[in-house]
Amino acid sequence: MLAETGLDAAGLEFELTESMLMEDTPDIMRTLDGLRLLGVRLAIDDFGTGHSSLALLKRFPIDKLKIDRTFVRDIASDPDDRAITAAIVDIARAMSITSIAEGVESEAQLDFLRRRGCDEMQGYLASPPLAAAEAAAWLAAHRDQPASSPVTEPRSA
């Protein structure tokens, strides 16, 4: 597919669920290693909501760890969610994995994530869901910016 489209492999990212990785078959490992050799980026989506295993982070060639919105939603008021989110960010940083917070909707959430050192964020605070034509226009207007909103340097809309 990369050869057909001419897309740079670094521009392609696969989001994998924890449950898929829990199967940990030789075929999955070979496929993921092959994708990484091509330069394709790999992310674990909704980290912390399934049968989370820290061994997954060690065993698989992961580039990004997406913190599920269930932990982000109440980080401004719930000490447990703050602790879990902070721990995920710290683990990701220690393993040189990019951390992404999903479902960021408020400045209070963004402030906490910035203070903890989370790398990127996604959510209504950056942009609501867009129809295809609106998304194309938004992408054209923001061509020089990363796909996910950086937490460390806020973007203007």
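Being a predicted model, the structure only gives us computed values, none of them experimental.
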Can you name the salt bridge (Lys or Arg N to Asp or Glu O under 4.0 Å) partners of [X], sequence neighbours left out?
X      : answer
Glu134 : none
Arg69  : Glu105
Asp90  : Arg93, Arg116
Asp111 : Arg115

- request: State whether Arg30 and Asp33 are salt-bridged, where the test is any N-O pair (Lys NZ or Arg NE/NH1/NH2 against Asp/Glu carboxylate O) under 4.0 Å.
  value: no
Would you please name every residue forming a side chain to side chain donor-acceptor pair (under 3.5 Å) with [X], sequence neighbours left out?
X     : answer
Asp80 : none
Glu13 : Lys64
Thr31 : none
Asp68 : Thr70

Please name all residues satisfying side-chain contact (heavy atoms from CB on, under 4.5 Å) with [X], sequence neighbours left out, ordered by chain then number.
X      : result
Asp8   : Ala10
Leu12  : Leu2, Leu7, Phe14, Val40
Ala108 : Ala76, Ser106
Asp45  : Glu15, Lys66, Glu102

query: Is Ser99 reaching over with its side chain to a backbone N or O of Asp119, donor-acceptor style, under 3.5 angstrom?
result: yes
